[in-house]
**Q** 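What follows is a structure written as structure tokens; I'll ask about it next.
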Amino acid sequence: MAKKKQKKTKSKVKATAKKSVRKVVKLASAKTGNGNGLPKPSSKAWGQAGKALDGVKILDFTHVQSGPTCTQLLAWFGADVIKVERPGVGDITRGQLVDVKGADSLYFTMLNHNKRSITVDSKHPQGMRVLEALVKTCDVLVENFAPGALDRMGLTWERINKLNPRMIVASVKGFGPGPYEDCKVYENVAQCAGGAASTTGFREGPPLVTGAQIGDSGTGLHLALGIVSALYQRNRTGRGQKVLCAMQDGVLNLCRVKLRDQQRLKAGPLTEYSQYGENIPFGPSVPRAGNDSGGGQPGWILKCKGWETDPDAYIYFITQAPVWGPICDIIGEPTWKTDPEYATPRARLPKLKAIFRRIEDWTMTKTKFEVMEACNAVDIPVGPILSMKEIAEEPSLRKTGTVVEVDHPTRGTYLTVGNPIKLSDSISEVKRSPLLGEHTDEILKDVLKFSAKDIAEIKTSGALSAPKKEEKAA
Ligand code: CAO
């Protein structure tokens with residue numbers, strides 16, 4: 001009986017295998033010519049075969065930083081990003097931290113390149129008519145409103161899914177489902193709730209936030225990956241889905257080495273933290289580690305020549321074990337190579353502070369760039385502390401398009417950070433951010449195909465323009 005069953009299963013497996021072989025063969029012999037249903041490799045020159053996300057339309061309902069970071073990336077990869085803004089106001093960042101009177105702020109321009117802007121009042125019936133047309137036309141809706149705001153507009157997931165079952169609805173929220181899901185969240189709230197602040201700073205000082213916008217821009221990056229994955233899955237399923245990135249989750253994902261250390265505490269003190277060498281006991285949670293390196297190689301920030309007047313005359317120095325010999329030679333302590341007090345990483349651990357002080361005696365005789373040159377020549381990993389001024393002026397970053405100069409009609413030229421993700425066949429160009437409502441007419445006409453009569457009707461309804469002053473006061 002058992003044998004019969006086995007035989008049956010075997011022949012079933014064989015049949016399935018045969019079937020799938022047939023399927024693969026069929027795909028390979030498809031008109032497209034190439035295996036797995038892919039078209040033939042393009043014969044166009046690299047970078048001339050369009051952009052990675054050509055043909056993808058994004059209804060961009062984002063504001064401030066997290067959402068705009070995501071949609072800007074998608075725009076750089078070729079998606080048509082249509083930014084919907086409130087008439088007369090726009091994204092609040094247009095008017096925040098203004099440096100040129102009357103012009104969009106750098107806050108806005110640096111997060112909204114390569115997009116088109118349409119102004120629509122989502123709370124006006126004619127505005128909702130435009131929004132529904134956008135939902136039907138676009139592939140992805142991206143938003144980072146406060147929890148519940150999209151639903152209050154009437155654009156619930158159910159409604160969107162009914163209007164366009166292929167639409168992907170991607171959201172940034174501060175927290176995922178749970179006790180804080182209704183909270184509004186900004187960058188530093190996320191850094192604190194995601195574990196970054198409690199693990200940043202010096203042990204004896206308060207928690208610190210970091211200048212890298214890991215809550216906002218970090219979550220925007222995560223969301224972009226979610227959207228691209230959902231677009232890929234849609235090729236197979238034909239349907240959209242919800243994509244959610246909570247800022248707390250995004251920050252925690254970037255802090256995963258600290259959750260690693262939290263669990264390692266059970267096995268004993270964290271020997272790579274300098275407090276171990278200083279004989280300071282560990283508490284129940286991962287402590288702040290100052291400038292200790294996050295991995296197994298001890299590192300610290302050391303003064304360089306000019307530190308007395310230049311706040312950035314410092315270098316990050318890593319005492320990587322395999323290059324301990326060259327480190328001893330370069331700082332003029334060749335006996336440390338063989339001295340059992342210094343020769344092994346284990347022997348060095350309790351004296352790291354003193355060792356770094358000795359290395360600093362050497363780094364202080366050189367500029368950070370001289371240290372960089374001398375150390376890299378013998379494979380010692382070091383990192384100069386670069387100021388934003390130095391980064392802005394660095395020619396190699398200009399050459400790769402990581403730092404870009406952009407022209408803008410109302411503010412003139414400014415510097416921005418270009419696409420940090422380089423694709424060899426989808427080259428990003430950085431185009432200036434749109435003025436408020438700059439593309440309203442062309443989107444109504446060319447994207448949504450509204451007739452001239454319909455456009456006139458929508459426009460006279462007031463759904464696309466700021467309320468007049470008297471109306472506002474009434
Ligand atoms: N027409 C009419 N109304 C519009 C509109 C339009 N085109 N666009 C937005 N609005 C309305 C929304 O409907 C909402 O109204 P209701 O509260 O009446 O429903 C309102 O504008 C503003 O939404 P908001 O609550 O999102 O804005 P806020 O400035 O109060 O809060 C923020 C900002 C960032 C704290 C909140 O949006 C949030 O928590 N977002 C999620 C997390 C996030 O992305 N944070 C990072 C921000 S970057 O630091």
Side-chain angles (χ1 to χ4, degrees), residues 59-72 82-97 105 107-108 110-112 116-135 141-156 159 169-177 180-194 196 209-224 226 243-251 434 436-437 439-440 443 458 461-467 471-472:
L59 194 176
D60 179 6
F61 235 147
T62 68
H63 64 159
V64 203
Q65 185 180 167
S66 63
T69 299
C70 166
T71 51
Q72 178 169 260
I82 297 169
K83 182 162 174 122
V84 178
E85 296 182 83
R86 201 202 297 238
V89 188
D91 187 325
I92 195 163
T93 59
R94 285 188 185 265
Q96 279 180 343
L97 312 176
S105 70
Y107 196 175
F108 178 83
M110 290 179 71
L111 285 160
N112 290 284
R116 300 201 266 180
S117 164
I118 177 173
T119 50
V120 181
D121 180 354
S122 66
K123 288 173 180 153
H124 191 292
Q126 289 288 344
M128 189 43 78
R129 178 181 171 192
V130 174
L131 280 177
E132 288 193 350
L134 278 166
V135 167
L141 184 157
V142 192
E143 63 92 21
N144 68 311
F145 291 127
L150 199 64
D151 288 358
R152 286 197 290 278
M153 277 182 195
L155 290 175
T156 58
R159 173 111 192 88
V169 179
S171 305
V172 170
K173 295 289 165 257
F175 293 93
Y180 305 123
E181 63 188 320
D182 291 328
C183 300
K184 289 188 175 184
V185 168
Y186 283 104
E187 172 70 46
N188 289 345
V189 177
Q191 286 199 24
C192 294
V209 293
T210 154
Q213 305 286 283
I214 56 176
D216 279 340
S217 286
T219 308
L221 259 163
H222 282 92
L223 192 72
V243 180
L244 171 68
C245 275
M247 293 167 75
Q248 181 185 40
D249 301 4
V251 170
L436 180 60
H439 306 97
T440 300
I443 290 164
I458 295 165
S461 76
L464 310 181
S465 44
E471 285 175 42
K472 237 193 210 167

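We count ligands from 1, going down the list as the structure has it; atoms in each ligand are counted the same way. What's counted below: heavy atoms across the whole structure, side chains too, no hydrogens, waters or symmetry copies.
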**Q** Which residue supplies the protein heavy atom nearest to atom 29 (O) of ligand 1, what is that atom called, and how far is it?
**A**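 Here the nearest protein heavy atom works out to Tyr186 OH, 4.3 Å.
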**Q** Would you tabulate the side-chain donor-acceptor contacts of residues 141-149 under 3.5 Å, counting partners in other chains and residues two or more places apart, or write 'none'?
**A**
| unit_1 | atom_1 | unit_2 | atom_2 | d |
| --- | --- | --- | --- | --- |
| Glu143 | OE1 | Phe145 | N | 2.9 |
| Glu143 | OE1 | Lys173 | NZ | 3.0 |
| Glu143 | OE2 | Ser171 | OG | 2.6 |
| Glu143 | OE2 | Lys173 | NZ | 2.9 |
| Asn144 | OD1 | His63 | N | 2.9 |
| Asn144 | ND2 | His63 | O | 2.9 |
| Asn144 | ND2 | Ser66 | OG | 3.1 |

**Q** Answer yes or no: is there a side-chain heavy-atom contact under 4.5 Å between Ile82 and Asp60?
**A** no
**Q** Do Val172 and Cys70 come close enough that some side-chain heavy atom pair is under 4.5 Å?
**A**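 No - every pair of side-chain heavy atoms lies 4.5 Å or more apart.
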**Q** To which protein heavy atom is atom 40 (N) of ligand 1 closest, and what is the distance rounded to 0.1 Å?
**A** Asn144 O, 2.9 Å
**Q** Using the test ring pair (Phe, Tyr, Trp, His ring centres under 6.0 Å), find all partners of Phe108 that sit at least two apart in sequence or belong to another chain.
**A**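 By the ring pair (Phe, Tyr, Trp, His ring centres under 6.0 Å) rule, Phe108 matches no residue at all.
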**Q** Is it the case that ligand 1 has an N or O less than 3.5 angstrom from some N or O of His63?
**A** yes
**Q** Taking the side chain from Ser105 and the backbone from Gln96, do they hold a donor-acceptor pair closer than 3.5 Å?
**A**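 Confirmed, Ser105 side chain pairs with Gln96 backbone.
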**Q** Ser66: heavy atom below 4.0 Å from ligand 1, yes or no?
**A**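 Under 4.0 Å: yes for Ser66.
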**Q** Closest approach of Val251 and Ala196, non-hydrogen atoms and distance?
**A** CG1-CB, 3.8 Å
**Q** I need the contact type for Arg86 against ligand 1. Using non-hydrogen atoms and a strict under-4.0 Å cut-off, is it side chain, backbone, both or neither?
**A**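 Contact part for Arg86 vs ligand 1: both backbone and side chain.
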**Q** Out of Leu155, Val84, Thr71, which one pairs with Leu59 under the side chain to side chain contact (heavy atoms under 4.5 Å, CB included) rule?
**A** Val84
**Q** I'd like the name of whichever of Ser122, Ser171, Ala149 reaches closest to atom 6 (C) of ligand 1 through any heavy atom.
**A** Ser122
**Q** Under a 4.0 angstrom heavy-atom cut-off, which atoms of ligand 1 come close to Asp216?
**A**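 Answer, ordered by atom number: 46 (C), 47 (C), 48 (S), 49 (O).
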**Q** Return the option from Gly67, Ala146, Cys70 holding the heavy atom at the smallest distance from atom 26 (O) of ligand 1.
**A** Ala146
**Q** State whether a side-chain donor-acceptor pair under 3.5 Å links Gln65 with Glu187.
**A**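 Judged by distance alone, the side chains do not pair up.
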**Q** Quick test of your reading of the structure: of Lys123, His124, Met153, whose heavy atom lies closest to atom 14 (C) of ligand 1?
**A** Lys123
**Q** Please write down residue, atom name and distance for the protein heavy atom closest to atom 17 (O) of ligand 1.
**A**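 Looking only at protein heavy atoms, the one closest to atom 17 (O) of ligand 1 is Arg152 NH2, 3.3 Å.
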**Q** Within the structure, does Val172 bring an N/O atom to less than 3.5 angstrom of an N/O atom in ligand 1?
**A**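 Looking only at distances, the answer is no, because the N/O contact criterion of under 3.5 Å is not met.
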**Q** CG of Leu244: more than 12 outside heavy atoms within 6.0 angstrom?
**A**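 More than 12 heavy atoms, drawn from other residues, nucleotides or ligands, come within 6.0 Å of this atom.
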**Q** What about Val185: any of its N or O atoms under 3.5 Å from an N or O on ligand 1?
**A** yes
**Q** With heavy atoms only and a cut-off of under 4.0 Å, state how Ile92 meets ligand 1: side chain, backbone, both or neither.
**A** neither
**Q** Provide the number and element of each atom of ligand 1 under 4.0 Å from a heavy atom of Glu85.
**A**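 Selected atoms, number and element: 7 (N).
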**Q** Would you say Met247 touches ligand 1, if touching means a heavy atom closer than 4.0 Å?
**A**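 Contact check Met247 vs ligand 1: positive.
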